Amino acid sequence: MGGAEIINWTKTITWESDDCHLNATCPACEDAGAKRIRLKVRSPWPPHDEQPLVVCQSCGTAFHPTMGQPPYEAVLDPLVDVYLEQNAGIDVMAELLAAVDPAGVRRYIEIGCGFGFLLDYARTAFGWEARGFDPGYSARLGREVLGVDIQHVYLHSAADAGAEPFDLALCAEVIEHVFEPEKLLVILRDVLTTNGTLLLTTPSASGIRPETQPGTLLSLLCPGYHYVLYSPQGIELLLRRVGFKSVSVIDRGHTLRIAASVGEELRADLTRAFDRSSYHDYLRTRIKTTDPVSPLGVGYRYRLLKEMTNAGDFKAAHAAQSEVAEVFLRRWNIDLADPAALYAKLSESVQPDSIDAYHALYPFCLGNVLYFSGILAWLADGQRDIAYTWFQAAALAGERMRAALHIIGADDEESEELMWRARGFVAHLLAWDRPADAAEEVLRLGDHPSPLLGERIPAYILEDTQRKIFVDLVNLGHYAAADRLVVPVEAALPAEGAVLASTAFALGILTLNHRKAPRAAADFFGRSYEACMALPDRETAPIARSLLWPALFHQGQALVNAGLKQEAGEALRAMLKPAAGLPPLPLELRARAELLVRTQHLPV
């Protein structure tokens, strides 16, 4: 594709003004009028021409009208290794199947199944009869390695899928590649039973915005591969035009999830919760049957480490970490027992000039493994100094991997996210012993681009990091350091929810005890209390159980300090006569409220 030329494809994206248009027919709604050019991006295919992305004014769908058909059958082998070790979202795909009742499915078909992970999961977790169709290289490899039923052909008609219809069809991250989507959807319609369900996922046109973080934007555009990015309205119009009567679309910001049926009843609920235990069991099953040092074996082991860490099962996470460490040592001679040495090696080494050269030195999931190792060292083991080094190494490794992917115009959204989270945690871990440095580092984080790709931290990650560091600095009593973060933290306060409750409470404590402004502090405590009260599950929500009554008491105390006894009495009245449906009031806090009322002669 791009040869050895190292191109930051995110920097080849240029946003166009409103007066640039092209005549093109929308593949979703068939509007043939002039389309506004939203942006241009270089193609990874030589000679790297610029490709305009236009937006349909009628339905909001975006597409590349000048793009040529890429050779999907010729996916590079190294890119398959990236997919297996790191960026195959097996859990995201498995979560999609939770939309249907597994008991109502016997036969399952997947078009564009790729390596076949979901076919394997479906037969392993649910016992479905599963068949896939995909002509690509990764599908051939998946059929061989996983032993799944994959036909290496394009479907030209429903008859090519076999005589018996299917209860469920899935087409995940495929339709954005298709130049004639109606033909594909007609085939999917015709392979289903009369009550069958079609599930689709595809990138969302709503994510095409200048403020979208660079790696995510590049993954959405996927220059040279993604022909069309549908809007919710556009994909529904397309589905209904080919005969699907029941359609449900959920826009998750960067991804559309769609369920459709030719019948009047849609037997799918895209909001149904995903039971991750079946996915965990699947990973454990496959780890036992897969060569540990193969890309597939590495990927399964990394995903189990991630899942167990996120689930808070630290014993299982440590066991998974040990397996990953053994594999890394055998395959790449990387010693996870010495994060400082690994960080030094990453800092000193020259950036590889190809995917192959990178993979000879490092696994594609290295940065994320280091990230979750940092989480374990911090939250499970209480080793903040070691966690600090893990996160330093994770940030650098993640960016190095992404720089290698940029050579072929690819990126990895999860690695981008965790790279910045790791940088935030490097600052966060200073809060305990070097509070002034923690405040300084998180402020610097917003001003300095990343060292290799020159990217800026996404605003939502920076704001979240600043809030968390601020709250911990206040809780630790490091008021002077926390005070340096007040302006950005207050500016980014959310309108509601648990984050507002905890952050406003910390702002109240700082304002009362450090800034000596009791009236302003009372306002913050009031906002914290109101945020807790507005929670739909306020009686059981952890944040409400821990902060609702303390926020109200501190509001009363602050109002007393401000000389506003009438307002203080009104605030504390709700403590002494609590309404039903609220968390229990701690006896010690009630006693303090009664003492305050009595000694200050408050009107309650």
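Treat the numbers as computed from the prediction; the structure is a model and nothing was measured.
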- request: Consider only side-chain N and O atoms of Asp31 and Gln57, and report whether a donor and an acceptor are under 3.5 Å apart.
  value: no
- request: Would you give the length of the straight line joining atom CG of Leu418 to atom SG of Cys365, rounded to the nearest 0.5 angstrom?
  value: 12.0 Å
Rounded distance (nearest 0.5 Å) linking atom CD1 of Ile543 with atom CG of Leu500: 10.0 Å
query: When the ring planes of Tyr279 and Tyr121 are compared, do they come out parallel, tilted or perpendicular, using 30° and 60° as the limits?
result: perpendicular
query: Can you find a side-chain donor-acceptor pair between Thr202 and Glu176 that sits under 3.5 Å?
result: yes
field: Residue pair Pro223 / Leu218, side-chain heavy-atom distance below 4.5 Å
entry: yes
- prompt: With side chains defined as the heavy atoms from C-beta onward, is the minimum distance between Lys245 and Val262 less than 4.5 Å?
  reply: no
query: Between the main-chain N or O of Ala32 and the side-chain N or O of Thr25, is there a donor-acceptor pair closer than 3.5 Å?
result: no
message: Checking the side chain of Arg467 only, and the main-chain atoms of Ala492 only, is there a donor and an acceptor separated by less than 3.5 Å?
response: yes
task: With rounding to the nearest 0.5 Å, note down the distance linking CD in Glu85 to CG in Asn368.
output: 11.5 Å
query: Can you check whether Ser450's main-chain N or O pairs, donor with acceptor, with Arg456's side chain at less than 3.5 Å?
result: no
Tyr358 to Pro363 - nearest heavy-atom pair and separation: OH-O, 3.5 Å
Steps toward side-chain contact (heavy atoms from CB on, under 4.5 Å) verdict (Thr61, Val55): CA-CA 6 Å; Thr61 292; Val55 178; over 6 Å; no
- prompt: What do the steps show when you test Arg276 against Asp91 for salt bridge (Lys or Arg N to Asp or Glu O under 4.0 Å), and what is the final call?
  reply: CA-CA 8 Å; Arg276 301 190 78 88; Asp91 59 329; 2.9 Å; yes
message: Determine whether a donor-acceptor pair (N or O, by modelled atom type, separation under 3.5 Å) exists between the side chain of Thr201 and the backbone of Arg257.
response: no
query: For the residue pair Ala161 and Val191, what are the closest heavy atoms and their distance?
result: CB-CG1, 4.0 Å
task: Please determine, by modelled atom types, if His152 and Asp134 share a side-chain donor-acceptor pair under 3.5 angstrom.
output: no
- request: Flag the pair Ser248 / Ile258 as yes when at least one side-chain heavy-atom distance between them is below 4.5 Å, and no otherwise.
  value: no
query: If we ignore angles and hydrogens, is there a donor and acceptor under 3.5 Å between the side chains of Glu413 and Ser219?
result: no
field: Shortest non-hydrogen contact from Cys29 toward Cys56
entry: SG-SG, 3.5 Å
field: Distance under 6.0 Å and angle within 45° of ring axis: Arg107 vs Phe166
entry: yes
query: How many angstroms lie between atom CD1 of Ile187 and atom CG of Asp190, to the nearest 0.5 angstrom?
result: 8.5 Å
field: Worked verdict on Ile208 versus Trp15 for side-chain contact (heavy atoms from CB on, under 4.5 Å)
entry: CA-CA 10 Å; Ile208 306 301; Trp15 297 90; 4.0 Å; yes
query: Just checking, any donor-acceptor pair under 3.5 angstrom between side chains of Gln213 and Tyr460?
result: yes
field: Any Leu493 side-chain heavy atom under 4.5 Å of Arg527 side chain
entry: yes
message: Less than 6.0 angstrom separating the ring centers of Tyr108 and Phe126, yes or no?
response: no
field: Heavy-atom check, side chain of Ile355 versus side chain of Leu405, under 4.5 Å
entry: yes
message: Assess the residue pair Arg400 and Gln351 against the criterion (side-chain contact (heavy atoms from CB on, under 4.5 Å)); give the C-alpha distance rounded to whole Å, side-chain angles, the decisive distance to 0.1 Å, and a yes or no.
response: CA-CA 7 Å; Arg400 281 190 171 277; Gln351 178 66 24; 2.8 Å; yes
message: Between Asp160 and Tyr154, is there a side-chain donor-acceptor contact under 3.5 Å, judged purely by atom types and distance?
response: no
- request: Could you give me the CA-CA distance, side-chain angles and deciding distance for Arg240 and Glu236, then say whether salt bridge (Lys or Arg N to Asp or Glu O under 4.0 Å) is met?
  value: CA-CA 6 Å; Arg240 292 190 183 278; Glu236 182 169 352; 2.9 Å; yes
query: Do any N or O atoms from the side chain of Ser206 and from the backbone of Gly253 form a donor-acceptor pair under 3.5 angstrom?
result: yes
- prompt: Run the salt bridge (Lys or Arg N to Asp or Glu O under 4.0 Å) check on Arg131 and Glu129 step by step: do they pass?
  reply: CA-CA 7 Å; Arg131 168 173 282 194; Glu129 181 183 332; over 6 Å; no
- prompt: Would you say the side-chain atoms of Lys35 pair up with the backbone N or O of Ala24, donor to acceptor, closer than 3.5 Å?
  reply: yes
task: Enter the distance from Lys183:NZ to Leu155:CG here, rounded to the nearest 0.5 Å.
output: 14.0 Å
message: Once you measure the plane-to-plane angle for Phe115 and Phe117, does it fall in the parallel (<30°), tilted (30-60°) or perpendicular (>60°) bin?
response: tilted
field: Minimum heavy-atom distance between Asp411 and Asn87, given as atom pair plus value
entry: O-ND2, 4.3 Å
task: Could you walk me through whether Thr193 and Asn195 pass the side-chain hydrogen bond (donor to acceptor under 3.5 Å, both in side chains) test, one step at a time?
output: CA-CA 5 Å; Thr193 64; Asn195 295 316; 5.9 Å; no
Between Ser354 and Asp356, a side-chain donor and acceptor under 3.5 Å: no
field: Derivation and outcome, salt bridge (Lys or Arg N to Asp or Glu O under 4.0 Å), residues Glu16 and Arg36
entry: CA-CA 9 Å; Glu16 297 295 315; Arg36 175 193 168 195; over 6 Å; no
task: Find the distance between CD1 (Ile457) and OG1 (Thr465) and round it off to the nearest 0.5 Å.
output: 5.0 Å
message: Quick one: does any side-chain atom of Glu399 pair with a main-chain N or O of Leu452 as donor and acceptor, under 3.5 Å?
response: yes
- prompt: Any side-chain heavy-atom pair from Leu119 and Asp149 closer than 4.5 angstrom?
  reply: no
field: Within-4.5 Å side-chain heavy-atom neighbours: Ile37 and Leu53
entry: no
task: Give the C-alpha distance, both sets of side-chain angles, the deciding distance and a yes or no for side-chain contact (heavy atoms from CB on, under 4.5 Å) between Leu192 and Asp167.
output: CA-CA 6 Å; Leu192 289 170; Asp167 307 297; over 6 Å; no
task: Answer yes when Arg272 and Glu95 have at least one side-chain N-carboxylate O distance shorter than 4.0 Å, and no when they do not.
output: no
query: Considering residues, nucleotides and ligands other than Glu496, do more than 12 of their heavy atoms fall under 6.0 Å from its CD?
result: no
- prompt: Are Gln86 and Asp412 close enough that a side-chain donor and a side-chain acceptor fall under 3.5 Å?
  reply: yes
- request: Answer yes or no: is there a side-chain heavy-atom contact under 4.5 Å between Tyr230 and Leu256?
  value: yes
message: Checking the side chain of Arg303 only, and the main-chain atoms of Gly299 only, is there a donor and an acceptor separated by less than 3.5 Å?
response: yes
- line: Here the pair of heavy atoms bringing Ile150 nearest to Gly116 is CD1-CA, 4.1 Å
field: His64 (side chain) donor-acceptor with Pro52 (main chain) under 3.5 angstrom
entry: yes
message: Run Phe364 and Tyr83 through ring pair (Phe, Tyr, Trp, His ring centres under 6.0 Å) and show every step you take.
response: CA-CA 9 Å; Phe364 291 111; Tyr83 183 75; over 10 Å; no
field: Geometric class of the Tyr225/His177 ring pair [parallel <30°, tilted 30-60°, perpendicular >60°]
entry: perpendicular
- prompt: Is it true that a side-chain atom of Thr216 and a backbone atom of Thr212 form a donor plus acceptor pair closer than 3.5 Å?
  reply: no
